[in-house]
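Both backbone and side-chain heavy atoms feed into the values below; hydrogens, waters and symmetry mates do not.
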Protein chains: 2
Amino acid sequence: MARSEVPDIVVGRLPIYLRALIRLHSEGHEITSSHELAQILGISSAQIRKDLSYFGEFGKQGTGYHVATLSAELQRILHVDREWQVALVGVGDLGRALARYGGFAHRGFRISLLFDNDPEKIGQVINDMTIMPAEQIPQVVRAHGLKIAMIATPADAAQETANLLVEGGIRAILNYAPIAISVPKDVHVQYIDPVAHLQRMAYYLD
Amino acid sequence: MARSEVPDIVVGRLPIYLRALIRLHSEGHEITSSHELAQILGISSAQIRKDLSYFGEFGKQGTGYHVATLSAELQRILHVDREWQVALVGVGDLGRALARYGGFAHRGFRISLLFDNDPEKIGQVINDMTIMPAEQIPQVVRAHGLKIAMIATPADAAQETANLLVEGGIRAILNYAPIAISVPKDVHVQYIDPVAHLQRMAYYLD
DNA sequence: TAGATTGTTAATCGATTAACAATC
DNA sequence: TAGATTGTTAATCGATTAACAATC
């Protein structure tokens, strides 16, 4: 089935499957099944099988899935069978923590460029990376060929930052600023707003 | 309409609407419309009107919505017209950044208890909060009457941490550990895994 | 073989959208 | 009034699930 026909909501579940598979692998499981994955993740086995069927046939009737194989297939499908270099804009408390956090590089996304527009911060070094002025984003990002960026600026600066990133050739943005940004149709944006998650849960509390 | 009939996906969009309204308010807008909000957020105006209709009638035909009023209504509906105290478990790089991050308290969620199971960290003070041993979670959380917690431990410790939190009476968990946790049906869980977002976008890159 | 699980189809379920009467 | 926008209905669209033949 052609790539363009896969619903984005299905693509969004693949990383969850991959995460579970990597964990199973690290725990020594060689084989799993849609039922076991469903149990672990709290979703239906039918959904897992249907999601995977968009991309091929990875299982064996009566047996299930080979953990290492399916894991590798998902990494290939998601294009995470390589290391991606990522630009990070905004080195406040949050940005600093993201720059230091080991969980990205460990899973294939290495933050390799830091930008900020505060003259006090420019030139500082974090994790061997020197903070550069935001105005240089277009040229530096393009020179390094980066395609992915994170925005950790205040909300006020997010749209302007996104414009600079797009100008530099960025095609995927993880936005930590609590504001919607607008970008060309061929640029992907994902949002992380922990407070929105907390508010959503507060609805169900007394 | 009874609370239980509101789809969770609708509840999940209310914080996004609220965020946009607060921003409009701060920019001096007194009135807005479903069309303007739709434009800002990149969703349809019909969806915004339909979502709001689950909770009442907040607009005026021909005019739109009074920003401050709708904002206050959404805060009331979401139960964020108060300050929630939040427990944070796991004070590594990520947890430390969360504890310091001003964006929570500013929007009604104050981190007020810190826990870790590393003897080196116990007793340390961050933002006037003393890190306490994880084993004391049940009693301390219950004594303070907290209902919301964040998990920022390694994946290995997340399930055990969730168990302790539930034992202490926690009813909503924001889980930063990259692993699914299982909790009783009346406990809500939201996940934040930035790498999953990056992987999802990588699918669309060459 | 008998038992188990996949991949897939068709049915069901739920969410989104278009359209418009009501009305400010 | 004329123009604009809401709240709501019905239709459309899309996602999830149940069920089972195929087959390991």
Side-chain angles (χ1 to χ4, degrees), chain A residues 1-17 20-21 24 29-74 77 180 200 203, chain B residues 1-17 20-21 24 29-74 77 180 200 203:
Chain A
M1 179 167 279
R3 163 144 299 199
S4 62
E5 297 176 22
V6 179
D8 180 61
I9 196 164
V10 171
V11 175
R13 280 191 293 263
L14 298 186
I16 309 303
Y17 301 159
L21 288 163
L24 285 172
H29 293 62
E30 293 198 354
I31 300 292
T32 188
S33 68
S34 61
H35 297 281
E36 185 177 45
L37 286 169
Q39 164 68 25
I40 293 171
L41 298 173
I43 60 184
S44 81
S45 63
Q47 180 161 82
I48 293 171
R49 295 198 301 279
K50 180 114 173 63
D51 285 353
L52 295 177
S53 78
Y54 281 101
F55 304 96
E57 305 186 0
F58 307 109
K60 192 179 282 189
Q61 282 103 324
T63 306
Y65 303 92
H66 188 247
V67 173
T69 304
L70 183 53
S71 194
E73 287 286 354
L74 288 181
I77 291 165
R200 178 182 193 155
Y203 172 81
Chain B
M1 179 166 281
R3 163 143 300 198
S4 62
E5 296 177 23
V6 179
D8 180 61
I9 196 164
V10 171
V11 175
R13 279 191 294 261
L14 298 186
I16 309 303
Y17 300 161
L21 288 163
L24 284 171
H29 293 62
E30 293 198 354
I31 300 292
T32 188
S33 67
S34 61
H35 297 282
E36 185 177 45
L37 286 169
Q39 164 68 24
I40 292 170
L41 298 172
I43 60 184
S44 81
S45 63
Q47 180 160 81
I48 293 171
R49 294 197 302 279
K50 180 112 173 64
D51 285 352
L52 295 177
S53 77
Y54 281 102
F55 305 96
E57 304 187 1
F58 307 110
K60 193 179 280 189
Q61 283 102 324
T63 307
Y65 303 92
H66 187 247
V67 173
T69 304
L70 183 53
S71 193
E73 287 287 353
L74 288 181
I77 291 165
R200 178 182 191 156
Y203 172 81

Take atom [atom1] of [X] and atom [atom2] of [N], then tell me their distance rounded to the nearest Å.
X	N	atom1	atom2	answer
B:H35	D:dG7	NE2	C1'	12 Å
A:Y54	D:dG14	OH	P	11 Å
B:D8	C:dT16	CG	P	12 Å
A:R13	D:dG14	CZ	C1'	12 Å
B:L52	D:dT5	CG	P	16 Å
B:I9	C:dC13	CD1	C1'	14 Å
A:E57	C:dT5	CD	C1'	13 Å
A:E36	C:dA4	CD	P	15 Å

Completion exercise
Output field dot_bracket for DNA chain C (Watson-Crick or G-U, both distances under 3.5 Å, | for other-strand pairs) contains ..||||||||||||||||||||||
Practice task
Report the nucleotide, chosen from C:dT16, D:dT8, D:dT6, that has the shortest atom-to-atom distance to any side-chain atom of B:Y65.
Solution key: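 Closest nucleotide to the B:Y65 side chain: D:dT6.
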Problem - Nearest-nucleotide pick for B:Q47, side chain only, options being D:dT17, D:dT6, C:dT17 - result: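 Given the options D:dT17, D:dT6, C:dT17, the side chain of B:Q47 is closest to C:dT17.
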Practice task
On DNA chain C, check which nucleotide each of A:D51 and A:G62 is closest to and give me the residue with the more 5' one.
Solution key: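 On the 5' side of the pair lies A:G62.
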Show me the donor-acceptor pairs within less than 3.5 Å that the side chains of residues 57-66 of chain B make with the rest of the protein, sequence neighbours left out.
{"from": "B:H66", "atom 1": "ND1", "to": "B:T69", "atom 2": "N", "distance (Å)": "3.4"}
{"from": "B:H66", "atom 1": "ND1", "to": "B:T69", "atom 2": "OG1", "distance (Å)": "2.6"}

Problem - B:Y17 vs B:L41, side chain to side chain contact (heavy atoms under 4.5 Å, CB included): CA-CA, chis, key distance, verdict - result: CA-CA 8 Å; B:Y17 300 161; B:L41 298 172; 3.6 Å; yes
Anything under 3.5 Å between a protein N or O and an N or O of nucleotides 18-22 of chain C, put it in a table, one pair a line.
{"from": "C:dA19", "atom 1": "N6", "to": "B:R49", "atom 2": "NH2", "distance (Å)": "3.2"}

Problem - Side chain A:S71, main chain A:A68, donor-acceptor under 3.5 Å - result: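 Between the backbone of A:A68 and the side chain of A:S71 there is no qualifying donor-acceptor contact (under 3.5 Å).
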Handout entry: Minimal non-hydrogen separation, A:R49 against A:S34, with atom names
Key =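 What the structure gives for the nearest pair is NH1-OG, 3.0 Å.
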Handout entry: Closest non-hydrogen atom pair, A:L37 against A:A20
Key =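 Looking at all heavy atoms of both residues, the shortest contact is CD2-CB, 4.1 Å.
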Exercise for the section: First locate atom CG of B:L52, then atom CG of B:L70, and finally report the distance between them rounded to the nearest 0.5 Å. Expected result: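 Result: 5.5 Å between the selected atoms.
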Practice task
Report the distance from atom OG of A:S44 to atom NE2 of A:H35, rounding to the nearest 0.5 Å.
Solution key: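 Spacing of OG (A:S44) from NE2 (A:H35) equals 10.0 Å.
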Exercise for the section: Just call it for B:S45: base, sugar-phosphate, or nothing, with non-hydrogen atoms closer than 4.0 Å on any strand. Expected result: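 Contact class for B:S45: none.
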Exercise for the section: Quick one: do B:Y54 and B:I77 satisfy side chain to side chain contact (heavy atoms under 4.5 Å, CB included)? Show the steps, please. Expected result: CA-CA 11 Å; B:Y54 281 102; B:I77 291 165; over 6 Å; no
Practice task
Could you walk me through whether A:I48 and A:R13 pass side chain to side chain contact (heavy atoms under 4.5 Å, CB included), step by step?
Solution key: CA-CA 9 Å; A:I48 293 171; A:R13 280 191 293 263; over 6 Å; no
